[in-house]
Amino acid sequence: MVDRIVATVNDEIILLYDLNQTIKPFVDRINESDYPYEKKREMLFKVREDALKMLIEKKLTAQEIKRYKISVSQQEINNAIERMKKTRFITDEELREELKRQELTFNEYREKIKEEILREKLISLEVQSKIVITSEDIKLYYEKNKDKYSGKKKYHLRHILMKVPEGA
């Protein structure tokens, strides 16, 4: 047997190879650790379970993105990378060095950014389509929380008397 199916997500499959590739860095770290055999085994099981859940979630997300025909332009990816560099105060060279340390190519990094943007767009679409706030909802909320939004009178003036200089 070359490979086997570990999960089926609608009509798509997740192979054991994909799962093993996903968990490889974690497995290496766990195997290098000084934990007892039982603890390592428990940790490996947990990592495998979490990774499988993540892969299933990715497949479901990809299917929904495809269903809604959500896309991302190259400019959106470029803008996201530029925003990230500005917020972290890093240069292009520093970014490439960090990617090299993580054993990622710049194109693989761009692909990850694209996946993140697609996921954000899907979540936004799903959440925004289900949230409907009517004027009636706003009025009802205001009436229930009137004390938070209404100002309290500190002074109530009836008469103000002032001395006016002569010739004014």
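The CD1 atom of Ile65 lies 11.0 Å from the NZ atom of Lys58; values are rounded to the nearest 0.5 Å. Considering CD of Glu82 and CG of Leu95, their distance stands at 9.5 Å, rounded to 0.5 Å. How far NZ of Lys46 is from CG of Leu44: 13.0 Å, rounded to the nearest 0.5 Å. One distance of note links CZ of Arg83 with NZ of Lys85; it measures 12.5 Å at 0.5 Å rounding.
Here the side chain of Lys121 pairs a donor or acceptor atom with the backbone of Ser71 at under 3.5 angstrom. Of the possible donor and acceptor atoms, none in the side chain of Asp28 sits under 3.5 Å from a partner among the backbone N and O of Pro25. Here the side chain of Ser124 pairs no donor or acceptor atom with the backbone of Glu120 at under 3.5 angstrom. Put simply, the side chain of Ser33 gets close to the backbone of Ile30: a donor and an acceptor are under 3.5 Å apart.
With respect to Glu32 and Arg29, no salt bridge is recorded, no charged nitrogen being found less than 4.0 Å from a carboxylate O. Of the charged side-chain nitrogens involved, none lies within less than 4.0 Å of a carboxylate oxygen, so that Glu116 and Lys112 do not count as a salt-bridged pair.
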Note to self: Working note: Tyr35 + Glu42, criterion side chain to side chain contact (heavy atoms under 4.5 Å, CB included); need CA distance, chi angles, decisive distance, verdict.
What the structure shows: CA-CA 10 Å; Tyr35 292 113; Glu42 183 182 315; over 6 Å; no
Next item on the list: Check step by step if salt bridge (Lys or Arg N to Asp or Glu O under 4.0 Å) holds for Glu12 and Lys66.
Entry: CA-CA 13 Å; Glu12 295 183 39; Lys66 193 175 187 181; 5.5 Å; no
Notebook entry, point to check: Hey, mind stepping through Lys146 and Glu143 against salt bridge (Lys or Arg N to Asp or Glu O under 4.0 Å) and telling me if it holds?
Noted result: CA-CA 5 Å; Lys146 216 173 198 175; Glu143 290 301 322; 3.6 Å; yes
Next item on the list: Could you please spell out the steps behind the salt bridge (Lys or Arg N to Asp or Glu O under 4.0 Å) verdict for Lys53 and Glu57?
Entry: CA-CA 6 Å; Lys53 285 179 185 177; Glu57 197 174 286; over 6 Å; no
Next item on the list: Test Arg101 against Glu98 for salt bridge (Lys or Arg N to Asp or Glu O under 4.0 Å), laying out the working first.
Entry: CA-CA 5 Å; Arg101 276 193 290 273; Glu98 181 59 32; 2.8 Å; yes
Sequence neighbours left out, cut at 3.5 Å: what donor-acceptor pairs do the side chains of residues 15-23 make with other protein atoms?
unit_1: Asn20; atom_1: OD1; unit_2: Arg48; atom_2: NH1; d: 3.3
unit_1: Asn20; atom_1: ND2; unit_2: Leu16; atom_2: O; d: 3.4
unit_1: Thr22; atom_1: OG1; unit_2: Asp18; atom_2: O; d: 2.8

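Contact check for Arg110 versus Asn78: side-chain heavy atoms found under the 4.5 Å cut-off. Here the side chains of Met84 and Ile90 are in contact, with some heavy-atom distance below 4.5 Å.
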